[in-house]
Peer 1: 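Sharing a structure with you now.
Heavy atoms only: backbone and side chains are in, while hydrogens, waters and symmetry mates are out.
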Amino acid sequence: MGISLKNVSYSYQGKFQTVKAVDGVSYDFEPGKCYAIIGKSGSGKTTLLSLMAGLDLPTEGEILVDGKSTKDWDRRRMRRDAVSVIYQNYNLFPLLTVQENIQYPLDLKKVPRKESIALAREVRQRVGLPASYDKRLPGQLSGGEQQRVAIARALAQGCKIILADEPTGNLDTTNTHNIVSILHSLAYDDGCTVILVTHDHGVAEQADAVLQMKDGAWI
């Protein structure tokens with residue numbers, strides 16, 4: 001399952017003028033590869049990632065997810081079944097345990113309880129967290145551990161497009177290496193389309209393709 005950008009632009013009304021945050025961007029992201037989008041703050045990369053996640057629609061052009069325009073998708077369903085987003089601040093539910101956080105998308109899909117518990121444990125193990133973590137709350141975990149839980153939740157969701165917004169931004173070198181390795185595994189072993197927004201050029205250099213944004217466009 002890939003994602004294609006077709007002359008995508010996005011504008012919004014600022015306080016004094018119309019701002020073009022994304023300006024005529026086109027690209028085809030293929031399954032089984034890992035991509036990095038880099039650029040200074042305000043270059044448009046996070047806005048572009050939000051558009052690919054279906055959080056808003058382009059004001060011009062279109063984004064195709066699995067060949068279907070985001071304008072034609074039920075975008076809530078798209079984020080449930082096709083596109084997972086991993087955030088820099090993890091976006092875990094603070095009052096849910098590790099097990100419950102990972103199971104959350106499965107509960108939304110009404111997966112039978114026994115099956116969802118088994119799958120949550122399987123993906124938790126895959127990201128390198130032991131069974132003793134199942135009943136811990138996010139506040140009892142380090143940043144690297146919380147990001148592993150967030151990735152495990154994306155794995156449990158079963159989406160084939162993984163969007164990661166600064167997934168290593170709050171992590172030290174060792175945890176950064178571990179998280180990047182897991183994301184590469186999603187691309188190369190699971191055939192996912194993995195797209196990272198990052199300020200870390202060391203992380204970007206490990207991607208199959210590096211795309212740089214400036215003033216809302218590729219350079």
Peer 1: Give a yes or no on whether Ile162 and Leu64 share a hydrophobic cluster (residues Ile, Leu, Val, Met, Phe, Trp, Tyr; joining criterion: side-chain heavy atoms under 4.5 Å apart).
Peer 2: no

Peer 1: Do the side chains of Lys6 and Asp28 get close enough for a salt bridge, i.e. N-O under 4.0 angstrom?
Peer 2: yes

Peer 1: Within the structure provided, determine whether Asn178 and Asn175 are in side-chain contact (heavy-atom separation under 4.5 Å).
Peer 2: yes

Peer 1: Grab the two heavy atoms, one from Val25 and one from Gly216, that are nearest each other, plus how far apart they are.
Peer 2: CG2-O, 3.3 Å

Peer 1: Gln206 side chain to Gly202 main-chain N or O, any donor-acceptor pair under 3.5 Å?
Peer 2: yes

Peer 1: Working note: Asp107 + Glu100, criterion side-chain contact (heavy atoms from CB on, under 4.5 Å); need CA distance, chi angles, decisive distance, verdict.
Peer 2: CA-CA 9 Å; Asp107 293 338; Glu100 290 165 341; over 6 Å; no

Peer 1: Looking at CZ of Arg79 and CG of Leu108, how far apart are the two atoms once the value is rounded to the nearest 0.5 Å?
Peer 2: 12.0 Å

Peer 1: Treat each ILVMFWY residue as a node, draw an edge where side-chain heavy atoms are under 4.5 Å apart, and state whether Leu163 and Ile86 are in one component.
Peer 2: no

Peer 1: Keeping Asp208 on the side-chain end and Cys34 on the backbone end, is there a donor-acceptor pair under 3.5 Å?
Peer 2: yes

Peer 1: Would you mind reporting whether Met52 and Ile195 have side-chain heavy atoms less than 4.5 Å apart?
Peer 2: yes

Peer 1: Under the 3.5 angstrom rule, does the side chain of Trp218 hit a backbone N or O of Leu211 as a donor-acceptor pair?
Peer 2: no

Peer 1: Under 4.5 Å side-chain heavy-atom separation, chaining through any Ile, Leu, Val, Met, Phe, Trp or Tyr, what else clusters with Val210? Say none if it is isolated.
Peer 2: Ile38

Peer 1: Which heavy atom of Arg124 sits nearest to which heavy atom of Asp134, and what is that distance?
Peer 2: NE-OD1, 3.0 Å

Peer 1: Tell me whether Tyr12 at atom OH has more than 12 heavy atoms from other residues, nucleotides or ligands lying less than 6.0 Å away.
Peer 2: no

Peer 1: Is it possible for you to say whether Leu196 and Leu171 belong to one hydrophobic cluster, with membership spreading through side-chain heavy-atom contacts below 4.5 Å?
Peer 2: yes

Peer 1: Applying ring pair (Phe, Tyr, Trp, His ring centres under 6.0 Å), name anything that partners Tyr104, two or more places apart in sequence or on another chain.
Peer 2: Phe93

Peer 1: Testing the basics here: between Ala82 and Trp73, what is the closest heavy-atom pair and its distance to 0.1 Å?
Peer 2: CB-CH2, 4.0 Å

Peer 1: Does atom NE2 (His184) have a neighbourhood of more than 12 heavy atoms from anything else shown, all under 6.0 Å?
Peer 2: yes

Peer 1: Taking atom NZ of Lys40 as the centre, report whether more than 12 heavy atoms of other residues, nucleotides or ligands fall under 6.0 Å from it.
Peer 2: no

Peer 1: Less than 4.5 Å apart, any side-chain heavy atom of Leu5 and any of Phe29?
Peer 2: yes

Peer 1: Hey, could you give me the CG/CD1 distance between Leu48 and Ile63, rounded to the nearest 0.5 Å?
Peer 2: 6.5 Å

Peer 1: If we ignore hydrogens and angles and just use 3.5 Å, is the side chain of Ser26 paired with the main-chain N or O of Asn7 as donor and acceptor?
Peer 2: yes

Peer 1: Give me the atom names and distance for the closest heavy-atom approach of Arg153 to Asn91.
Peer 2: NH2-O, 2.9 Å

Peer 1: Are any non-hydrogen side-chain atoms of Glu62 and Pro58 less than 4.5 angstrom apart?
Peer 2: no

Peer 1: Has the side chain of Gln125 got a donor or acceptor atom that lies under 3.5 Å from a matching backbone atom of Ala131?
Peer 2: no

Peer 1: Is any side-chain heavy atom of Gln157 closer than 4.5 Å to a side-chain heavy atom of Val123?
Peer 2: no

Peer 1: Please report the C-alpha distance between Ile117 and Arg113 in whole Å, then the side-chain angles of each, then the deciding distance to 0.1 Å, and finally whether the side-chain contact (heavy atoms from CB on, under 4.5 Å) criterion is met.
Peer 2: CA-CA 6 Å; Ile117 289 172; Arg113 187 76 176 166; 4.0 Å; yes

Peer 1: Working to the nearest 0.5 Å, report the span between CD of Glu166 and OG1 of Thr46.
Peer 2: 6.5 Å

Peer 1: Quick check: does any side chain N or O of Asn101 sit under 3.5 Å from a backbone N or O of Leu96, one acting as donor and the other as acceptor?
Peer 2: yes

Peer 1: Supply the atom-to-atom distance Ser43 OG to Lys214 NZ, rounded to the nearest 0.5 angstrom.
Peer 2: 10.5 Å

Peer 1: Quick check: does any side chain N or O of Asn170 sit under 3.5 Å from a backbone N or O of Asn89, one acting as donor and the other as acceptor?
Peer 2: no

Peer 1: Would the distance check show the side chain of Ser84 and the main-chain N or O of Cys159 forming a donor-acceptor pair, the cut-off being under 3.5 Å?
Peer 2: no

Peer 1: Which heavy atom in Leu51 sits nearest to a heavy atom in Val22, and how many Å separate them?
Peer 2: CD1-CG2, 4.2 Å

Peer 1: Between Glu115 and Pro112, is there a donor-acceptor pair closer than 3.5 Å when you use the side chain of the first and the backbone of the second?
Peer 2: no

Peer 1: Any side-chain heavy atom of Leu141 within less than 4.5 Å of one from Arg148?
Peer 2: no

Peer 1: Report yes or no: do Val111 and Leu155 belong to one cluster of Ile/Leu/Val/Met/Phe/Trp/Tyr joined by side chain heavy-atom distances under 4.5 Å?
Peer 2: yes

Peer 1: Are Leu183 and Ile102 grouped together when hydrophobic residues (ILVMFWY) are joined by side-chain heavy atoms under 4.5 angstrom apart?
Peer 2: yes

Peer 1: When you measure from the side chain of Ser9 to the backbone of Gly24, do you find a donor-acceptor pair of N or O atoms at a distance under 3.5 Å?
Peer 2: yes

Peer 1: Near Lys109 NZ, under 6.0 Å, is it more than 12 heavy atoms from other residues, nucleotides or ligands?
Peer 2: yes

Peer 1: Do Thr70 and Val65 make a side-chain contact, defined as non-hydrogen atoms from C-beta onward lying under 4.5 Å apart?
Peer 2: yes

Peer 1: Mind checking the OH-CD1 spacing from Tyr35 to Ile3? Nearest 0.5 Å is all I need.
Peer 2: 11.0 Å

Peer 1: Is it true that, when you exclude Asp215 itself, more than 12 heavy atoms of the residues, nucleotides or ligands shown sit nearer than 6.0 Å to its CG?
Peer 2: no

Peer 1: Distance check, rounded to the nearest 0.5 Å: Lys45 atom NZ versus Ile37 atom CD1?
Peer 2: 9.5 Å

Peer 1: Write down the atom of Leu106, the atom of Ser116, and the distance for their closest heavy-atom approach.
Peer 2: CD1-O, 3.6 Å

Peer 1: Do Gln99 and Arg121 touch side chain to side chain, with heavy atoms closer than 4.5 Å?
Peer 2: yes

